[in-house]
Amino acid sequence: MRITRLAIADWRNLSKAELTTDARFVILHGDNAQGKTNLLEAVWMLAALRSFRESQPRRLVKEGSRFARVEAQVVGPYDTRRLELRLLPGKRRLRVDDVAPTSLGSWFELLRAILFCPDHIRIVRGVPQERRDFLDRAIFTVSPGYLELAADYRRAVQQKAALLRTGQARPAELAPWNDRIVQLGARIALARHAMVETLRPHVLAASAEMSGPAADARTVELQLRSLGGEELGLSAVAERIEAAIARFGEEERRRGRVLVGPHRDDLQLRVEGRNAADYASQGQARTLVLALKLAELAVARSRGVAPLLLVDDLTGELDRGRMQRFLALLTAQESQVWITTTDPAFLGPLPAGEARFWRVREGQVWLEKGSQTG
Amino acid sequence: MSTDDPLRQATRQLARFPGIGERTAARLAWWLLRQAPEVSEEIAAAILHLRQGMTECSRCANIAAADPCPTCGDPSRDTGIVCVVERPQDVAAIEASGAFRGRYHVLHGAISPLDGIGPDALRIRPLLARVEQGEVKELVLATDPDVEGDATALYLAALLKGTGVRVTRLAHGISVGTEIEYADKSSVARAMEHRREV
């Protein structure tokens with residue numbers, strides 16, 4: 001998957017930007033607060049239909065403008081499509097070759113991306129929700145249909161919670177929501193378990209490679225804490241969730257909260273036998289995050305999906321050695337890589353003839369002359 | 001009280017329609033002004049008559065000009081099979097398919113605690129009353145294929161357990177004419193979930 005043309009209008013501080021490129025490495029460089037990350041965010045928005053740092057879409061529209069537009073020519077494995085996103089007041093409009101997509105699922109299948117950004121440290125340090133989100137996104141990257149399953153499940157939990165909050169939930173009224181939580185939840189638990197098992201060897205390998213030859217061998221573990229184990233089939237997991245709901249039913253009513261289901265899962269990460277959230281050093285935590293994301297990429301590739309890689313300024317995150325090892329790992333993939341950086345020299349040598357350097361300053365973007373390294 | 005002239009008043013009223021913005025409303029108002037006076041009178045009369053002339057069928061809760069509605073009043077239709085839908089518009093959609101010759105029951109919504117809609121807010125009791133009369137042999141639950149529609153169907157299925165009525169759920173999945181290769185993945189997943197024996 002590759003973006004060969006990107007056109008942006010009235011997005012954040014970018015009034016108008018256009019990039020045409022066939023390069024595998026697209027380097028966006030410039031000083032801080034010039035618009036590099038805004039550009040990367042626009043690409044991510046096309047792939048994910050949400051920002052990685054702004055929950056209010058209207059704030060993505062340039063001040064004083066009525067709407068923002070992001071358009072990309074995406075070269076996929078089979079064909080080339082033109083994807084267009086418009087953020088209008090109170091709504092967004094999607095077009096694939098000027099036609100509205102039949103479903104969100106069909107949109108997501110056209111452009112997949114994996115994002116690396118400094119904020120992802122939350123996957124290791126943050127609350128369980130962050131780790132569930134990471135797992136869910138990894139599953140979604142290989143099977144976009146998972147999005148609908150996850151959304152349906154979330155809706156069922158919200159409905160049950162609303163019913164519990166009334167304080168007068170009759171068993172007959174709770175039953176259908178419990179059934180949805182059991183049926184949809186079992187499929188989610190199983191998908192997550194399968195994903196953890198698939199990710200594990202890739203996480204260990206990436207973690208070892210990132211740490212480099214000099215670093216002492218770090219032992220990394222990941223384990224999903226959930227009601228359903230991977231060794232169990234769908235109906236067995238469903239039975240377990242059902243039994244747990246029966247067991248905690250009284251407490252759920254008393255507390256007015258949904259206490260049982262995969263929305264309470266946690267992906268436990270350990271470094272050297274200790275909980276990474278609390279005990280990993282900052283360097284270990286950063287390496288682990290990148291190892292998780294690299295594993296997500298490896299799994300996607302093993303399923304025949306070549307997502308775009310979007311790397312938001314990791315200069316402050318990694319020392320030079322790790323950064324270059326990280327880029328070497330990305331270079332070994334065929335995917336297109338978009339990187340923002342304040343200092344292109346920090347990236348080290350990139351494959352000859354495959355990198356283009358775009359300069360971003362005060363919302364303007366232009367191609368640097370002689371922008372190839374080799 | 002508004003001091004707007006009649007044109008502005010009409011524009012404001014027309015803009016209350018869903019999908020009609022201020023500009024379209026103004027265009028419609030100007031258009032009405034340019035037409036013969038009968039046009040406005042006919043439109044106004046039809047709108048006024050809409051609420052007076054339509055009523056809820058006391059059997060199936062569909063909205064129709066007569067009670068019982070034409071479907072309930074049609075003796076050629078199978079009284080043994082009842083299709084349960086969320087909205088009156090769903091009746092029209094299923095009728096248009098020509099694939100169903102039974103009767104209907106309109107719930108007027110789906111269970112949704114988030115919106116404060118419990119089973120009591122829907123036409124479920126009249127449905128049970130119809131079942132108790134004994135003529136109904138099968139209920140086809142044709143609520144929407146979303147979480148609320150599924151939950152409503154499950155609630156009804158549990159409620160009807162032990163009544164001896166056969167309860168089925170409308171199948172959902174890949175649309176006709178779509179090759180599996182080109183169907184979007186969630187439709188394939190849904191079709192797989194609702195697979196049936198052949």
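Convention: sequence-line order gives letters A, B, ...; per-chain numbering from 1.
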A:Ala175 portion near chain B, given a 4.5 angstrom heavy-atom threshold: neither
Heavy-atom closest contact (B:Ala151 atom, A:Pro176 atom, distance): O-CB, 3.3 Å
Atom CZ of A:Arg93 with >12 non-hydrogen neighbours under 6.0 angstrom: yes
A:Glu71: partners by side chain to side chain donor-acceptor pair (under 3.5 Å), with sequence neighbours left out: A:Arg5, A:Arg69
Option in B:Gly118, B:Ala158, B:Ala157, B:Pro119 with maximal non-hydrogen atom pairs under 4.5 Å from chain A: B:Pro119
Which portion of B:Ile111 sits near chain A, non-hydrogen atoms under 4.5 angstrom: both
Within-4.5 Å side-chain heavy-atom neighbours: A:Arg180 and B:Leu154: yes
Side-chain heavy atoms of B:Leu114 within contact of A:Arg155, under 4.5 Å: yes
Heavy atoms of other groups near B:Glu135 CD, more than 12 under 6.0 Å: no
Close side-chain approach of A:Trp177 to B:Val147, heavy-atom, < 4.5 Å: yes
Value rounded to 0.5 Å, distance of CD in A:Glu148 from CG in B:Asp146: 10.0 Å
A:Arg66 atom CZ: more than 12 heavy-atom contacts under 6.0 Å: no
